[in-house]
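Below: the structure, in structure tokens.
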Amino acid sequence: MTSDLEQFGPTETFPCDENSEAFAVVRLAVEVSRDQLRTALAIGHAELNGTPPLDDMAVRDIRREVEGHLAAAATISLYRETEAVVRRVNEAGILPTIDAAINRAYTRTADDRAQQSARYGDGTVTLLTTDRGEITIDEPPWCAGHDGDMVGTLDEISHNGAEITVPFVTARSAPSTIMTAQLSHAPYLTLAPEPFPVLYVELDEHCDLDVPDGRNLSRALRLAAVRLDRALDGLARLRGDHR
Ligand SMILES: [Zn+2]
């Protein structure tokens, strides 16, 4: 059933209660009914004293209210129980067992946290992989490098070009990025092979616009089109006959 439902969020990460120190972020997906959405939004909106009116709220803010209510319900219920439960498991002597399970599930091992320390040669780069050890591969001149990459398997290696971004600013919401694009090539992918570089593009915006903000959007889209065309010219040169 879940796979048939539309999925939304997370819109943002909600802080843990102010008396606790954050340890990890747990991402959660919850099926909700329309009545539960009504309830979460009505409570969240009441806590805002009903302003702005729901009709004027951006989609992102509506989702933030709903997710915020769900997150608060979980945080408050944990907060109420924390002291008693921690004391009880401590007295029962099972705290070390619980901590060991948490360490297995909620901390990364040194291996999967390792960052690449790439070594660059003449048109090559030497990288560490978890399945093939150290390997030396061709490094395309447009690749921005691998120093921020995490160590992974050979087929996860991806060459990524410099990021092209197009900003979008409105009077109502925080500045955002309407398009992000970069050349990308993962030459060792096996399931969905990528024999030639592609242009990776992210486009995402949901908003309610008045006229000035609508003009800001059309300006941003024109700028996005210009930058997209320029990036595609570069991609066409790299792909040659393989359009
Ligand atoms: Zn590269």
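All figures in this text were calculated on a predicted structure; none of them were measured in a lab. The analysis underlying the following values was restricted to heavy atoms, covering all of them including side chains, and did not include hydrogens, waters or symmetry mates. We count ligands from 1, going down the list as the structure has it; atoms in each ligand are counted the same way.
- Among residues two or more places apart in sequence or in another chain, the side-chain hydrogen bond (donor to acceptor under 3.5 Å, both in side chains) test is passed with Asp208 by none.
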Would you be so kind as to tabulate the donor-acceptor pairs closer than 3.5 Å made by side chains of residues 71-96, with sequence neighbours excluded?
| from | atom 1 | to | atom 2 | distance (Å) |
| --- | --- | --- | --- | --- |
| Thr75 | OG1 | Ala71 | O | 2.8 |
| Tyr79 | OH | Asn19 | ND2 | 3.4 |
| Thr82 | OG1 | Leu78 | O | 2.6 |

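- When only modelled atom types and interatomic distance are considered, Asn160 and Ser158 share a side-chain donor-acceptor pair under 3.5 Å.
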Requested in this report: Show your reasoning for whether side-chain hydrogen bond (donor to acceptor under 3.5 Å, both in side chains) applies to Glu139 and His146.
Outcome: CA-CA 10 Å; Glu139 174 73 334; His146 296 266; 3.2 Å; yes
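- Excluding waters, the set of protein N, O or S atoms lying under 2.8 Å from the Zn ion (ligand 1) comprises Glu139 OE1, Cys143 SG, His146 NE2, His159 ND1.
- Side-chain heavy-atom separations under 4.5 angstrom define the hydrophobic clusters, and the remaining members of the one that includes Leu127 are Tyr120, Val125, Ile135, Ile137, Leu154, Ile157, Tyr188.
- Relative ring orientation between His242 and Phe196 is described as parallel, the plane-to-plane angle staying below 30° on a 0-90° scale split at 30° and 60°.
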